[in-house]
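Lettering of chains follows the sequences in order, A, B, ..., and the numbering in each one begins at 1.
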2 protein chains.
Amino acid sequence: MCSRPTPRPAPRTGRPRSAEADEAILEATREVLVELGWSKLTMGDVAGRAGVAKTTLYRRWANKNELVVDAVAVLFDELELPDLGSLQADIEHVVLQFAALLERPETKTALMAVVAESTRDVPLRERIRASIVERQKRLVLDGRRRAQERGELPADRDPVSVDATDDLIFDVVAGAVVHRALVSAEPVDTAWVNRLSALLVGGLGAVAALG
Amino acid sequence: MCSRPTPRPAPRTGRPRSAEADEAILEATREVLVELGWSKLTMGDVAGRAGVAKTTLYRRWANKNELVVDAVAVLFDELELPDLGSLQADIEHVVLQFAALLERPETKTALMAVVAESTRDVPLRERIRASIVERQKRLVLDGRRRAQERGELPADRDPVSVDATDDLIFDVVAGAVVHRALVSAEPVDTAWVNRLSALLVGGLGAVAALG
DNA sequence: AGCCTTTCGCTACGGGTCGTAGCGTAAGGG
DNA sequence: CCCTTACGCTACGACCCGTAGCGAAAGGCT
């Protein structure tokens with residue numbers, strides 16, 4: 001999953017864009033995010049650190065937000081869902097992974113900022129959805145499927161209801177972790193994760209009973 | 001609960017600060033948030049609409065973020081927790097209220113932005129906590145107390161555990177709603193709220209069993 | 001009333017960032 | 001080898017920031 005700059009209509013001729021420059025720019029962006037944070041990140045600074053002209057940045061990304069999304073999106077590749085034998089164990093593992101990701105200064109400062117911008121920028125929202133949100137959501141689908149295979153959850157009956165429950169679980173888990181880490185600004189430790197997973201596993205039965 | 005500008009050491013003499021200017025500035029800030037969003041909001045624009053000199057803004061707020069927090073904080077006053085007779089009904093009501101608040105363009109664009117900034121600005125985080133987060137958290141405490149009075153939840157045993165559960169519920173509810181509304185960008189309708197409240201009420205028993 | 005202190009509106013300013021234009025050069029593809 | 005595009009560089013106007021300095025206004029205090 002390499003993040004791609006702004007989609008270009010694939011010219012078949014002329015000098016190709018430098019892939020090294022792509023990676024250098026994204027790397028420099030993450031660097032600046034760590035050192036200065038999102039609000040103090042400037043395109044000129046990123047270009048300088050990447051050893052690239054500022055105009056090169058603008059040839060690939062329309063603005064700061066799209067650049068930052070691409071720079072941070074690759075970090076979400078490390079989210080995985082190993083089979084730990086039980087739904088609760090799977091949940092706790094992925095929650096701790098996600099929390100660790102949110103502890104990194106580059107994601108902490110960038111994620112909320114781009115989400116805030118996306119409320120007024122539809123293309124940006126779509127970019128976030130495709131490169132970050134969709135990737136996380138797959139983990140929920142995989143986790144449910146495994147739990148069903150183990151018999152921890154009943155098999156699908158109403159597909160609409162299943163989708164709604166998947167959506168709910170995703171928003172609850174991701175939202176709770178983000179809120180705990182960034183709004184409450186308190187640690188996502190094992191004690192908290194235990195409580196969260198207990199809440200989810202205990203509540204899933206009640207939700208399934210809704211139909 | 002009127003939001004106060006930057007705390008001043010209460011001079012007992014000299015010309016008092018204009019309270020009308022305070023309100024005009026905060027009102028103008030909300031106006032600009034609605035029309036232009038957080039990222040395009042400028043201090044000069046706010047000052048112009050408020051009929052006030054730009055220097056007057058800087059005498060009261062150190063920067064854009066603190067101003068926006070104060071301008072948005074008053075909107076959270078409308079959150080209330082009427083007693084609807086059951087824990088689930090109370091939850092659903094407050095969730096729908098919170099969702100309606102997040103639907104307003106001024107809160108939608110401002111809330112995530114200032115939270116993002118607060119990850120690198122401790123005074124700002126404290127301001128958000130005091131004027132917004134604490135106000136929401138009180139609703140959780142009230143809701144739990146009522147549910148205990150009704151006998152829907154067991155009486156307190158371990159106070160530490162109770163605090164931890166309150167924290168968890170707060171992060172889960174607020175986080176889930178924010179995530180649904182701003183990240184997933186899907187409507188917080190009654191169907192979704194029903195599922196969320198069912199999850200919470202059903203899961204609370206399991207959490208209480210943890211001790 | 002009259003003084004004192006602080007706020008107010010106004011103007012101006014240096015410093016910084018944005019996003020773009022224009023140029024000559026570099027690097028592949030047919 | 002030519003054509004097309006990317007690249008680095010410089011320069012630019014536009015905008016916003018946050019502050020300084022000024023004279024005027026508005027209350028408190030005696």
Checklist entry - Are the side chain of R146(A) and the backbone of L81(A) linked by a donor-acceptor contact shorter than 3.5 Å? => result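 It does hold such a pair.
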Item to check | K137(B) (side chain) donor-acceptor with D166(B) (main chain) under 3.5 angstrom | outcome: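 Side chain of K137(B) to backbone of D166(B): no pair is present.
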Donor/acceptor link under 3.5 angstrom from [X] side chain onto base of [N]:
{"X": "R15(A)", "N": "dT5(D)", "value": "no"}
{"X": "K54(A)", "N": "dG19(C)", "value": "yes"}
{"X": "T55(A)", "N": "dC7(D)", "value": "no"}

Checklist entry - Closer to the 5' end of DNA chain C via nearest nucleotide, is it G14(B) or T56(B)? => result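 Result of the comparison: G14(B).
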Item to check | Atom-to-atom span, NZ of K40(A) to P of dC18(C) - whole angstrom | outcome: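 The distance from NZ of K40(A) to P of dC18(C) comes to 13 Å, rounded to the nearest Å.
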Item to check | Between dC16(D) (P) and N63(B) (CG): distance, integer Å | outcome: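 Distance, rounded to whole Å: 18 Å.
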Checklist entry - Taking the side chain as C-beta and beyond, is there a heavy-atom pair between F170(B) and T165(B) under 4.5 Å? => result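 When only atoms from C-beta onward are counted, T165(B) and F170(B) do not touch, as no gap falls below 4.5 Å.
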Checklist entry - Which is true for S18(A) with a 4.0 Å heavy-atom rule: it touches a base, it touches only sugar-phosphate, or it touches nothing? => result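 The residue S18(A) makes sugar-phosphate contact but no base contact.
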Per [X] side chain, nearest of listed nucleotides [options]:
{"X": "P16(B)", "options": "dG27(D), dA27(C), dC18(C)", "result": "dG27(D)"}
{"X": "M43(A)", "options": "dG18(D), dC18(C), dC9(D)", "result": "dC18(C)"}
{"X": "T13(A)", "options": "dG27(D), dG9(C), dT4(D)", "result": "dT4(D)"}
{"X": "T42(B)", "options": "dC17(D), dC18(C), dT5(C)", "result": "dC17(D)"}

Item to check | E20(B)/S18(B) under side-chain hydrogen bond (donor to acceptor under 3.5 Å, both in side chains): CA gap, chis, key distance, verdict | outcome: CA-CA 5 Å; E20(B) 292 84 2; S18(B) 161; 3.3 Å; yes
Next on the checklist: Looking at R59(A), I'd like to know whether one of its side-chain N or O atoms comes within less than 4.0 Å of OP1 or OP2 on dA6(D).
Outcome noted: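 Checking dA6(D) against R59(A), no side-chain N or O comes under 4.0 Å of OP1 or OP2.
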